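Taking it in order: structure first as structure tokens, then the write-up.
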Amino acid sequence: MGAEEPIISLENVEKTYSGRQGDITALDKINLSIMRGEIFGIIGLSGAGKSTLVRCMNLLERPTSGKVWIDGRELTGMPGGQLRRERRKISMIFQQFNLLQQRTALENVAFPLQISGLPKRAAAEQAKGLLQTVGLEARAHAYPAQLSGGQQQRVAIARALATEPKVLLCDEATSALDPTMTRSILHLLRDINRQLGITIVMITHEMAVAEEICQRIAVLDQSQVAELGTVREVFAHPKSDIAKRLLFPGGNAPRPSAGNRCYRIVFDGSSSYEPVVADLILRCKTPVNILFADMQNLDGQAVGQMIVQVPDGADTRRNMLDFLGQRGLQVEEVPADDWI
């Protein structure tokens with residue numbers, strides 16, 4: 001992460017829409033600071049206000065009230081011409097790529113450069129370098145219809161980088177991609193963040209996306225920030241109901257059987273090659289029931305969570321919890337009423 005100073009600051013940002021049934025509050029007193037050079041996630045369910053929030057960051061949507069600061073300058077108080085110049089510091093990519101279908105990949109990337117006044121030949125040369133950055137130089141002369149979804153998103157990222165932005169806003173940028181392509185795009189964005197120092201804001205409804213790439217996240221619920229912290233903090237110790245729901249695909253947590261107790265094991269960087277559960281069963285000579293598991297292997301480390309049932313006997317349970325603690329794993333009992 002870069003220097004500990006905010007490049008984006010939102011102060012009491014509110015957005016209200018007027019409708020036939022009355023006013024609708026899309027954002028309610030949002031206060032956020034996003035640090036220079038970090039990858040920041042904004043996560044929530046559909047309708048939580050995520051896309052409205054990201055569009056308020058670059059004033060594609062003007063907040064009803066509150067202030068938006070980018071790189072030390074308040075956008076909300078700027079006249080139109082000055083605002084347009086400041087917006088050049090911010091680029092955006094979308095779920096549906098938004099490429100020009102009648103232009104090649106190279107021409108799509110060169111387009112914003114030509115609009116800014118760069119001669120056509122110079123724009124093409126710069127576009128070639130940007131396509132190389134995203135690993136797509138070999139497809140420079142292909143049209144969008146000839147490219148896969150992942151390749152189209154790489155073109156969109158190259159185009160977004162053409163104006164040399166300081167901030168890249170990604171609005172559900174991987175939602176239209178399969179898991180393999182999603183992982184590829186996330187790795188590319190991480191490399192861009194590291195190599196170019198660009199601050200990235202990820203809008204997503206998928207906790208797995210936030211876990212893989214983000215350093216900090218804000219969890220939105222009913223137009224407000226329900227929880228804010230590092231991915232590790234929110235993942236290991238979620239405080240809000242919405243964060244707990246998002247940790248389980250589909251929003252459903254397992255229901256423990258009568259007579260047994262249920263524990264959540266958090267894997268936060270232990271070796272993915274260690275057979276923890278198998279060793280637990282062999283060590284304690286007692287089977288456990290795995291009710292739920294959401295695990296990823298990131299660079300040889302296990303990251304994720306598992307819900308297990310353990311026998312109700314106090315001595316056996318204590319031995320199991322001690323064993324897991326000795327392996328450096330975070331373990332907490334899951335109160336059924338909190339998760340179901």
Side-chain angles (χ1 to χ4, degrees), residues 1-19 22-44 46-95 98 112 115-116 156 159-173 193 196-205 210 214-229:
M1 192 184 304
E4 288 296 323
E5 61 179 45
I7 191 169
I8 301 174
S9 293
L10 307 180
E11 299 178 10
N12 291 318
V13 169
E14 297 189 358
K15 180 64 180 180
T16 303
Y17 297 99
S18 297
D23 290 345
I24 299 171
T25 299
L27 299 175
D28 185 11
K29 293 182 174 63
I30 301 293
N31 290 281
L32 278 179
S33 290
I34 297 174
M35 299 304 170
R36 189 179 303 276
E38 78 173 324
I39 303 178
F40 188 90
I42 297 173
I43 186 169
S46 178
K50 305 184 301 297
S51 292
T52 301
L53 177 57
V54 77
R55 291 172 69 86
C56 282
M57 286 183 183
N58 58 6
L59 262 68
L60 288 178
E61 293 272 1
R62 184 169 285 274
T64 306
S65 63
K67 296 180 179 181
V68 177
W69 298 76
I70 300 289
D71 202 21
R73 298 173 67 83
E74 185 195 343
L75 299 191
T76 37
M78 289 182 179
Q82 188 180 4
L83 176 59
R84 284 191 291 273
R85 288 192 295 273
E86 286 298 315
R87 274 207 192 109
R88 293 174 186 169
K89 299 177 180 177
I90 311 166
S91 283
M92 195 166 183
I93 58 174
F94 304 88
Q95 178 179 354
N98 294 346
I115 289 179
S116 68
R159 183 182 59 186
L161 297 177
T163 56
E164 299 182 346
K166 294 185 177 181
V167 176
L168 182 60
L169 306 178
C170 305
D171 190 3
E172 298 281 8
N193 169 258
L196 304 180
I198 295 175
T199 303
I200 296 177
V201 180
M202 296 289 300
I203 305 297
T204 182
H205 63 276
C214 297
Q215 291 141 353
R216 291 193 303 139
I217 58 173
V219 183
L220 292 195
D221 186 33
Q222 298 182 359
S223 308
Q224 297 180 323
V225 176
E227 195 158 348
L228 175 67

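Treat the numbers as computed from the prediction; the structure is a model and nothing was measured. What you see below is based on every heavy atom in this structure, not just the backbone, and it leaves out hydrogens, waters and symmetry mates. When a residue number appears, it is its place in the shown sequence, counting from 1.
- Across Ile90 and Met57, no two heavy atoms sit closer than the pair CD1-O, 4.1 Å.
- One finds the CD atom of Gln95 at 10.0 Å from the OG1 atom of Thr204 (value rounded to the nearest 0.5 Å).
- For the atom pair CZ (Phe40) and CD (Gln215), the distance works out to 10.5 Å, reported to the nearest 0.5 Å.
- The closest donor-acceptor contact from the side chain of Asn98 to the backbone of Ile93 lies at 3.5 Å or more, if one exists at all.
- A donor and an acceptor atom, one from each side chain of Ser91 and Thr163, are located under 3.5 Å apart.
- A pairwise comparison of heavy atoms in Gly49 and Leu27 identifies O-CD2, 3.5 Å as the closest pair.
- Between the side chain of Arg87 and the main chain of Asn58, a donor-acceptor pair closer than 3.5 Å is present.
- Side chains of Glu14 and Thr25 form no contact here, defined as non-hydrogen atoms less than 4.5 Å apart.
- In this structure, the side chain of Thr64 engages the main chain of Thr16 through a donor-acceptor pair within 3.5 Å.
- With hydrogens and angles ignored, the 3.5 Å screen pairs no side-chain donor or acceptor of Glu11 with any backbone N or O of Gly66.
- Screening Leu53, Ile43, Ile203 against Leu220 for a side chain to side chain contact (heavy atoms under 4.5 Å, CB included) leaves a single residue, Leu53.
- With hydrogens and angles disregarded, no donor-acceptor distance shorter than 3.5 Å links the side chain of Lys166 to the backbone of Ile198.
- The structure places CD of Glu172 at 8.5 Å from CE of Met202, a figure rounded to the nearest 0.5 Å.
- Side chain of Arg36 to backbone of Thr199: no donor-acceptor contact under 3.5 angstrom is found.
- Residues Gln224 and Ile30 approach most closely at CA-CD1, 4.0 Å, considering heavy atoms.
- No more than 12 heavy atoms of other residues, nucleotides or ligands lie within 6.0 Å of NZ in Lys29, so this atom counts as exposed by the packing criterion.
- Glu74 CD: more than 12 foreign heavy atoms inside a 6.0 Å radius.
- The shortest heavy-atom contact between Pro112 and Arg159 is CG-CG, 3.7 Å.
- We find the CD1-CD1 distance between Ile42 and Ile34 to be 5.0 Å, quoted to the nearest 0.5 Å.
- Under the side chain to side chain contact (heavy atoms under 4.5 Å, CB included) criterion, Gln82 pairs with Arg73, Met78, Pro79, Arg85, not counting sequence neighbours.
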### Task
Would you please test Asp171 and Lys50 for salt bridge (charged side-chain N to carboxylate O under 4.0 Å, His left out) and show each step?
CA-CA 8 Å; Asp171 190 3; Lys50 305 184 301 297; over 6 Å; no

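- With rounding to the nearest 0.5 angstrom, the CG atom of Asn193 is 4.0 Å from the CD1 atom of Ile39.
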### Derivation and outcome, side chain to side chain contact (heavy atoms under 4.5 Å, CB included), residues Lys89 and Val167
CA-CA 6 Å; Lys89 299 177 180 177; Val167 176; over 6 Å; no

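- The nearest pair of heavy atoms linking Val68 to Pro63 is CG2-CG, 4.1 Å.
- Going from atom OG of Ser33 over to atom CG of Leu10 covers 7.5 Å, rounded to the nearest 0.5 Å.
- Judged purely by atom type and a 3.5 angstrom limit, Asn31 uses its side chain to pair as donor or acceptor with the backbone of Asn12.
- At a threshold of 4.5 Å between non-hydrogen side-chain atoms, the residues Ile8 and Leu32 do not count as touching.
- Of all non-hydrogen atoms in Leu161 and Pro165, the two that sit nearest each other are O-CD, 3.7 Å.
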